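Just so it is clear: chains get the letters A, B, ... in the order the sequence lines come, proteins before strands, and each one is counted from 1. Computed from a predicted model, the values in this text were never measured in an experiment.
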Amino acid sequence: MPVSLIMAVQQEPKMSAKQVWDSVEHYTVRCTKCSKWRLIPTKEKYEQIREKIEEEPFQCESAREWRQNISCNDQTDVKQDDNLQWAMDKPSIPRTPSGWQRIIRLRAKGGTKFADVYYVSPSNKRMRSKVELERYLAENPSYQEEGVVASRFSFQSPVALDADYANAKRRAVSAPEDTSANHTQKDEAIPKVIGV
DNA sequence: GCCACCGGTGGC
DNA sequence: GCCACCGGTGGC
């Protein structure tokens, strides 16, 4: 059963944005009945759907909240587009506490990783991991009093549909005799690595 | 082998 | 000097 969430992410940040931009441009969810993709109008709505997707499966009729009369008979909202990267999100990620931002940043193609997730606090502090987040919450107890606790955060990254986007380990594959026609990697100046 | 975490640094 | 971005790795 495929996970029914997907996001289209742009490769380059919006030009001249002073603040850091989320790389995600469109939020989409798949109808459990007809499997068509429906655009979700806002990030907030998307996060709300994602949080409960397993208890409350999404279907086209759910989109009537923002689109009158939409049904499975309407054609799909999105087709994959060459200018965008597509990624599958994890279900059941808690909705971002109000006043906070959960930001996904794409990395450059060909690196070791597809994307980074980080949170920005209402006071504009940027956190890169659960450890940093918990430390920050401990140092700022007022958040916890409001119910903003560590369990409401998740650093789970979406997964690129393009399997070749990342993982381009620049490490040479150690190649004893038999990997002859494996791939077309340039063999220029790659340090030899021994063993596994 | 994977990935959460964080140190390093290039570009501003 | 800052910080966005990336690579490396320790712990599982």
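A sub-4.0 Å separation between OP1 or OP2 of C:dC5 and a side-chain N or O of A:R105 is present.
The stretch residues 150-163 of chain A participates, sequence neighbours left out, in these salt bridge (Lys or Arg N to Asp or Glu O under 4.0 Å) pairs: A:K109-A:D162. Screening residues 57-74 of chain A for salt bridge (Lys or Arg N to Asp or Glu O under 4.0 Å) gives A:K33-A:E61, A:K45-A:E65, A:R67-A:D77 as the qualifying pairs, with residues at least two apart or on separate chains. Sequence neighbours left out, the pairs with a member in residues 132-146 of chain A that pass salt bridge (Lys or Arg N to Asp or Glu O under 4.0 Å) are A:R128-A:E132.
Atom P of nucleotide C:dC3 and atom OH of A:Y118 are separated by 12 Å, given to the nearest angstrom. The CD1 atom of A:I104 sits 14 Å away from the P atom of C:dC5 (whole-angstrom rounding). Rounding to whole angstrom units, CE of residue A:M127 and P of C:dC5 are separated by 17 Å. Rounded to whole Å, atom C1' of C:dA4 lies 14 Å from atom CG of A:L106. At whole-Å resolution of the value, CD in A:E134 and C1' in B:dA4 are 12 Å apart. In this structure, OH of A:Y119 is placed 18 Å from P of C:dA4, rounded to the nearest angstrom.
The stretch residues 151-159 of chain A touches DNA chain B through A:Q156, each having a heavy atom under 4.0 angstrom from the strand.
Summarising the geometry, atom NZ belonging to A:K90 is positioned 8.5 Å from atom OG belonging to A:S154; distances are rounded to the nearest 0.5 Å.
Applying the side-chain contact (heavy atoms from CB on, under 4.5 Å) test to A:E44 and every residue at least two apart in sequence or in another chain returns A:T42. Scored by the side chain to side chain donor-acceptor pair (under 3.5 Å) test, A:S123 finds A:S121, A:Y136 as partners (sequence neighbours excluded). Residues forming a side chain to side chain donor-acceptor pair (under 3.5 Å) with A:K125 (at least two apart in sequence, or on another chain): none. Remark: A:K130 pairs with no residue by the side chain to side chain donor-acceptor pair (under 3.5 Å) rule, at least two apart or across chains. Residues satisfying the side-chain contact (heavy atoms from CB on, under 4.5 Å) criterion with A:T96, sequence neighbours excluded, are A:E47, A:W100, A:R102, A:Y119. For A:K52, the side-chain contact (heavy atoms from CB on, under 4.5 Å) criterion is met by A:E55, A:E56, not counting sequence neighbours.
Taken over five-pair windows at either terminus, the axes of the helix from B:dG1-C:dC12 to B:dC12-C:dG1 are inclined to one another by 10° (rounded to 10 degrees).
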Report summary line: Protein heavy-atom contacts under 4.0 Å, written 5' to 3' over nucleotides 6-11 of chain B as B (base), S (sugar-phosphate only) or - (none), form the string BBB---
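Between A:H26 and A:V78, every side-chain heavy-atom pair lies at or beyond the 4.5 Å cut-off.
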